[in-house]
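Structure record follows, encoded as structure tokens.
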Amino acid sequence: DGGITQSPKYLFRKEGQNVTLSCEQNLNHDAMYWYRQDPGQGLRLIYYSQIVNDFQKGDIAEGYSVSREKKESFPLTVTSAQKNPTAFYLCASGFPTGQGARKLFFGSGTQLSVL
Amino acid sequence: AQSVAQPEDQVNVAEGNPLTVKCTYSVSGNPYLFWYVQYPNRGLQFLLKYITGDNLVKGSYGFEAEFNKSQTSFHLKKPSALVSDSALYFCAVRGPSGNTPLVFGKGTRLSVIA
């Protein structure tokens, strides 16, 4: 988990509330990613960013938003439109390796629960 | 579209026995294949990857994986399992395009019994 910091470790959301998950990396990586982990479903990609001020939707972007104003930071907002937000959220970052395959480094995750 | 399948939700093995965690993939072009491990309430840790070259890839903690192009498989193996190997294992794949995100399998829970 070294180099990528996710906070908080646990987060609770009330009905209709937006919450923001923090992800910071000091690895000088270009790319950053947000995944959602649900039991038995593996990791599903929410959003990713290859460079500052640019990001793309993943497979399950609805109800989420992101920003990439700095290379080191990629916060994820879970909006009130996300009706089933309870999950373990993982942030990752990466850099080109070898012939271009990007090895990912993961943070230690944030467990989001609904009150 | 790229995808990866891990056909076993759970693998149980006795300590000291060899272990195999299965993974098959689908991707256009030559694949980049990865294995990651997750311990409880933690992020994923990189184990090994295949990009090109030797079909047998060696990684961290004594793990290795064999790339089989004809069977589109990338099974994770270890000759002698340890109780400390008990964890959730994820296979991941991406296509040859440099900007394509990794696609992960659903994970296989490995339990090594003493």
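Note: hydrogens, waters and symmetry copies are ignored here, and every other heavy atom, side chains too, is used. In this text the structure is predicted, and so the values were computed from the model without any measurement. Letters A, B, ... are given to chains in the order of the sequence lines, protein chains preceding strands, and every chain is numbered from 1.
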> Between atom CG of B:Leu48 and atom NZ of A:Lys103, what is the distance when rounded to the nearest 0.5 Å?
Replying inline: 10.5 Å

>> With a 6.0 Å cut-off (strictly less than), is the heavy-atom count around CZ of A:Arg13, excluding the residue itself, greater than 12?
In response: yes

> CD of A:Glu62: more than 12 outside heavy atoms within 6.0 angstrom?
Replying inline: no

> Are A:Leu90 and A:Leu76 joined in one hydrophobic group, where the rule is that I, L, V, M, F, W and Y side chains link up if heavy atoms are under 4.5 Å apart?
Replying inline: no

> Any chance CG of B:Asn12 has more than 12 other-residue heavy atoms, nucleotides or ligands included, within less than 6.0 Å?
Replying inline: yes

>> If you compare all heavy atoms of A:Leu45 against all heavy atoms of B:Pro101, which two are closest, and at what distance to 0.1 Å?
In response: CD2-CB, 3.6 Å

> How far apart are the C-alpha atoms of A:Leu104 and B:Phe34, what are their side-chain angles, what is the distance that settles it, and do they pass the side chain to side chain contact (heavy atoms under 4.5 Å, CB included) test?
Replying inline: CA-CA 10 Å; A:Leu104 294 184; B:Phe34 300 78; over 6 Å; no

>> Between B:Val112 and B:Tyr89, is there shared hydrophobic-cluster membership here, with clusters defined by ILVMFWY side-chain heavy atoms closer than 4.5 Å?
In response: yes

> B:Gln6 versus chain A, heavy atoms under 4.5 Å apart: side chain, backbone, both or neither?
Replying inline: neither

>> Looking at every heavy atom in both A:Phe88 and B:Gln38, which two are closest together, and how far apart are they?
In response: CE2-NE2, 3.7 Å

> Would a hydrophobic clustering, with Ile, Leu, Val, Met, Phe, Trp and Tyr connected at side-chain separations under 4.5 Å, put B:Phe63 with B:Tyr39?
Replying inline: yes

> Got a second to check how far B:Phe90's CZ is from A:Tyr35's OH, nearest 0.5 Å?
Replying inline: 11.5 Å

>> In the structure I gave you, are the side-chain heavy atoms of A:Gln37 and B:Phe104 within less than 4.5 Å of one another anywhere?
In response: no

> Are A:Met32 and A:Val78 connected in a single hydrophobic cluster, I mean Ile/Leu/Val/Met/Phe/Trp/Tyr linked by side-chain heavy atoms less than 4.5 Å apart?
Replying inline: yes

> Where on A:Leu43 is there a heavy atom nearer than 4.5 Å to chain B: the side chain, the backbone, both, or neither?
Replying inline: both

> Relative to chain A, which segment of B:Leu88 carries a heavy atom at a distance below 4.5 Å: side chain, backbone, both, or neither?
Replying inline: side chain

